[in-house]
K.L.:
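Okay, handing you the structure first.
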Protein chains: 2
Amino acid sequence: MTSTAPLPPEELLRGAGLRVTATRTAALHALEETRHATADDVLGSVRARLGTVSVQAVYDVLHALTDAGLLRRIEPAGHPARYERRTGDNHHHVVCRSCGAIGDVDCAVGHAPCLTPSDDNGFAVETAEVTYWGLCPRCR
Amino acid sequence: MTSTAPLPPEELLRGAGLRVTATRTAALHALEETRHATADDVLGSVRARLGTVSVQAVYDVLHALTDAGLLRRIEPAGHPARYERRTGDNHHHVVCRSCGAIGDVDCAVGHAPCLTPSDDNGFAVETAEVTYWGLCPRCR
DNA sequence: CCCGCTCACTGGAATGATTCCAGATCAGCG
DNA sequence: CGCTGATCTGGAATCATTCCAGTGAGCGGG
């Protein structure tokens, strides 16, 4: 890839006009190590780093960063939501039916393949999302 | 289409090797009127038809019918699951970001467009699912 | 036509992810 | 260095869905 943002968390936060707090930088660090982490994973990582941190602090942080465009939220049906730092490029995901693990998938057909529905039912369509379902290497 | 099954609910159930019960036929009727109904919608319809019906009865029925292939379950992130009777053809959906309403979308590119991911990360990919997000006519 | 073996349904309680609330605390501008 | 509003704490609440144990109803065999 070209660049997976080697920018330190602090810079990212400042650049997005957000305050720099311990919880936020810790959350970004956690997501640098574990791409596609659940809120709970992040909570664990942040606590390991900082000690006592409340559940809400983490949810607030994840929401704030998602709204600011620093994170992308993925919500696979039947599994808790996960967050990733790869934003901007519209890539897709493979989700493991069994454990919920997620892998990145760059769009196979280059650009927006079936992105324009044949009949939009009067909906104002904004985005198309592709999810691949299968089994991860470990669960096979 | 060839046939959207004008078969009565009883036949469908029997054909799938399932017992014919009031709750099940009522649920199928409900989903004939309201395509893309939530479990709660179905519960309401079924109760209007039969009187007292427990929450679990409906969930059980929806699961049984889904497992039997008579229903398809749709789980849009952030909204309760919905069920539909159009199964077999692999069509996709438009989901309203605001109210969760759903519309059918036949695959624009005929067959499996970006169905083969460029890099499957070692996953055994089984299906690809496309979801369009936007605003329904009413919410615009 | 009746019997019994399952599977279906009832009602109530539990789960798990996420959110709401009210108050204490901290980042960083002026 | 003090303010002000954003952030964090802890606990309770919400919502969709599931688990559990007991009662009741389909339907195939006798």
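Just so you know, these numbers use all the heavy atoms, side chains as well, and skip hydrogens, waters and symmetry mates. Chain identifiers are assigned alphabetically (A, B, ...) following the order of the sequence lines, protein sequences preceding nucleic acid strands; residue numbering begins at 1 within each chain.
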K.L.:
Ignoring hydrogens and geometry beyond distance, is a side-chain donor-acceptor pair present between B:H36 and B:D41 at under 3.5 Å?
P.N.:
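No, no side-chain donor-acceptor contact under 3.5 Å.
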K.L.:
In whole angstrom, what separates A:I74's CD1 from C:dA17's P?
P.N.:
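Distance, rounded to whole Å: 17 Å.
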K.L.:
Please state how far atom CZ in A:R24 lies from atom C1' in D:dT7, giving the value in whole angstrom units.
P.N.:
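Checked: the CZ to C1' distance equals 7 Å.
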K.L.:
For the residue pair B:H93 and B:H91, does the interplanar ring angle fall in the parallel (under 30°), tilted (30 to 60°) or perpendicular (over 60°) class?
P.N.:
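Because their plane-to-plane angle is over 60°, the rings of B:H93 and B:H91 count as perpendicular.
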K.L.:
Look up atom CZ in A:R97 and atom NE2 in A:H79, then write down how far apart they are to the nearest 0.5 Å.
P.N.:
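Separation between the atoms: 9.0 Å.
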K.L.:
Do A:V105 and A:V95 land in one hydrophobic cluster if side-chain heavy atoms of ILVMFWY residues count as linked below 4.5 Å?
P.N.:
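The answer is no; the residues belong to distinct hydrophobic clusters.
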K.L.:
What is the distance, rounded to the nearest whole Å, between atom CG of A:D40 and atom P of C:dT18?
P.N.:
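Computing the A:D40:CG to C:dT18:P distance gives 9 Å.
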K.L.:
In whole Å, what is the span from the CZ atom of B:R73 to the P atom of D:dA16?
P.N.:
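It is 13 Å, rounded to the nearest whole Å.
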K.L.:
For B:T38, which contact category applies under a 4.0 Å heavy-atom criterion: base, sugar-phosphate, or nothing?
P.N.:
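The answer is nothing, as B:T38 stays clear of every strand by at least 4.0 Å.
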K.L.:
Rounded off to whole Å, could you give me the CD-to-C1' distance for the B:E75 and C:dA17 pair?
P.N.:
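In whole Å, C:dA17 C1' and B:E75 CD are 14 Å from each other.
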K.L.:
NE2 of A:H79 versus P of D:dT17: gap in Å, rounded?
P.N.:
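Going from A:H79 (NE2) to D:dT17 (P), I get 15 Å.
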K.L.:
Give the residues of residues 50-70 of chain A touching DNA chain C, defined as any heavy atom closer than 4.0 Å, sorted by residue number.
P.N.:
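Within residues 50-70 of chain A, the residues near DNA chain C are A:Q56, A:Y59, A:H63.
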K.L.:
Is B:E84 salt-bridged to B:R82, going by a charged N under 4.0 Å from an acidic O?
P.N.:
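A salt bridge is absent here (no side-chain N lies under 4.0 Å from a carboxylate O).
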K.L.:
Should the pair B:D106-B:R86 be classified as a salt bridge under the 4.0 Å nitrogen-to-oxygen rule?
P.N.:
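Salt bridge: yes.
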K.L.:
So, do B:D40 and B:P80 sit near enough that their side-chain heavy atoms are less than 4.5 Å apart?
P.N.:
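They are not in side-chain contact.
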K.L.:
Determine, for nucleotides 24-30 of chain C in 5'-to-3' order, which nucleotides have protein heavy atoms under 4.0 Å from the base (write B), from only the sugar-phosphate (write S), or from neither (write -).
P.N.:
---BS--
K.L.:
State whether a side-chain donor-acceptor pair under 3.5 Å links A:T25 with A:R49.
P.N.:
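No, no side-chain donor-acceptor pair sits under 3.5 Å.
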